[in-house]
Amino acid sequence: MAFLVLCAATAICLVAPTLAQSPRARAVIVNKTRVRDAQISSLEQRYRVRIQDGSYWYDAATGSWGQQDGPTAGLIAPGLNFGSLRADASNGTTGVFINGRQLHARDVAGLSTIMRVLQGRYWMDASGNFGYEREPMIGNIHALANSVRAPRQGILSTYDKTGAVVIGQ
């Protein structure tokens, strides 16, 4: 404990304990669990970002995260221990669940741009592989996204009115 020494002009000194000026405790909540300041500092150094105080959800299987009650905001390393992901983490009402979290409408809208999204319960890993819960893999989200976004290059063949093959762009 530090002490503050106050001396008056009369040479009488008072010694009093001071309040330590420690940094303000952080208020970062992930999956309804408060994150230790040391872990926050470690993550900030690793990702070279400042983590804002607030409430977040995190999916350890994929590394996806977002603000509590919101859609996916980004990806970080999978496998971090922030407790269990809750079904209501995104305040979703879509009937589409990935790794136990019911997706927010914006997550489903984003997925709908690359594939048909059906209500149900799915698993997904950090590599983008996915399938129905407790079932084998049925696809890879990254491969689907790349196939939708890839420009169609190369030689395409079609048929003209006579039935002859026409080769061209």
Side-chain angles (χ1 to χ4, degrees), residues 1-2 18-154 156:
M1 178 179 290
T18 61
L19 297 175
Q21 293 293 336
S22 63
R24 180 181 63 85
R26 302 291 303 276
V28 175
I29 312 296
V30 179
N31 294 342
K32 303 282 186 177
T33 302
R34 186 180 195 102
V35 180
R36 295 182 334 270
D37 289 354
Q39 190 173 13
I40 296 168
S41 294
S42 174
L43 288 168
E44 287 177 335
Q45 288 174 0
R46 180 177 182 180
Y47 291 102
R48 296 184 174 137
V49 296
R50 169 91 171 134
I51 298 171
Q52 299 296 315
D53 287 357
S55 293
Y56 303 93
W57 59 262
Y58 169 74
D59 180 347
T62 63
S64 60
W65 67 274
Q67 288 187 339
Q68 185 67 35
D69 298 330
T72 302
L75 291 169
I76 61 174
L80 301 174
N81 185 9
F82 288 122
S84 298
L85 179 63
R86 296 168 50 111
D88 64 352
S90 291
N91 198 27
T93 58
T94 60
V96 179
F97 293 79
I98 294 181
N99 298 336
R101 176 178 68 96
Q102 185 167 198
L103 298 188
H104 189 279
R106 282 196 280 184
D107 289 327
V108 173
L111 287 172
S112 295
T113 65
I114 59 172
M115 63 186 288
R116 184 169 174 220
V117 180
L118 302 175
Q119 290 185 339
R121 301 187 70 88
Y122 304 88
W123 61 267
M124 184 181 293
D125 65 21
S127 297
N129 300 316
F130 67 91
Y132 290 104
E133 281 186 356
R134 294 178 289 284
E135 296 289 330
M137 182 180 106
I138 57 175
N140 181 284
I141 197 73
H142 304 302
L144 287 170
N146 288 336
S147 70
V148 169
R149 293 184 187 125
R152 303 208 185 266
Q153 297 178 356
L156 301 177

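Numbers for residues simply follow the sequence, beginning at 1.
- Heavy atoms of other residues, nucleotides or ligands lying less than 6.0 angstrom from CD of Gln39 number more than 12.
- In this structure, Asp53 CG and Ile40 CD1 are separated by 7.0 Å, a value rounded to the nearest 0.5 Å.
- The structure places CD1 of Ile98 at 11.0 Å from CZ of Arg121, a figure rounded to the nearest 0.5 Å.
- With values rounded to the nearest 0.5 angstrom, Asn99 atom CG is found 12.0 Å from Ser84 atom OG.
- Results of the side-chain hydrogen bond (donor to acceptor under 3.5 Å, both in side chains) test with Arg101 over Asp88, Thr72, Asp59 single out Thr72 as the only residue that passes.
- Looking at Tyr56 and Gln67, their side chains come closer than 4.5 Å, going by heavy atoms from C-beta outward.
- In terms of heavy-atom proximity, Asn31 sits nearest to Phe82 at CB-O, 3.3 Å.
- Side-chain atoms of Ser90 come within 3.5 Å of backbone atoms of Gly70 as a donor-acceptor pair (strictly under, hydrogens ignored).
- Here the shortest heavy-atom pairing between Tyr47 and Ile76 reads OH-CB, 3.6 Å.
- Although no hydrogens or angles enter the test, the distance criterion places a donor-acceptor pair under 3.5 Å between the side chain of Ser112 and the main chain of Val108.
- Side-chain atoms of Gln102 never come within 3.5 Å of backbone atoms of Phe97 as a donor-acceptor pair (strictly under, hydrogens ignored).
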Distance-only criterion, 3.5 Å: show the donor-acceptor pairs between side-chain atoms of residues 122-131 and protein atoms not counting sequence neighbours.
| from | atom 1 | to | atom 2 | distance (Å) |
| --- | --- | --- | --- | --- |
| Tyr122 | OH | Leu118 | O | 2.8 |
| Trp123 | NE1 | Tyr132 | O | 3.2 |
| Trp123 | NE1 | Glu135 | O | 2.9 |
| Asp125 | OD1 | Ser127 | N | 3.0 |
| Asp125 | OD1 | Gly128 | N | 3.1 |
| Asp125 | OD1 | Asn129 | N | 3.0 |
| Asp125 | OD2 | Asn129 | ND2 | 3.2 |
| Asn129 | OD1 | Asn140 | ND2 | 2.9 |

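- The closest side-chain heavy-atom distance from Leu80 to Val30 is not below 4.5 Å.
- Remark: Arg34 CZ to Arg26 CZ distance equals 10.0 Å, nearest 0.5 Å.
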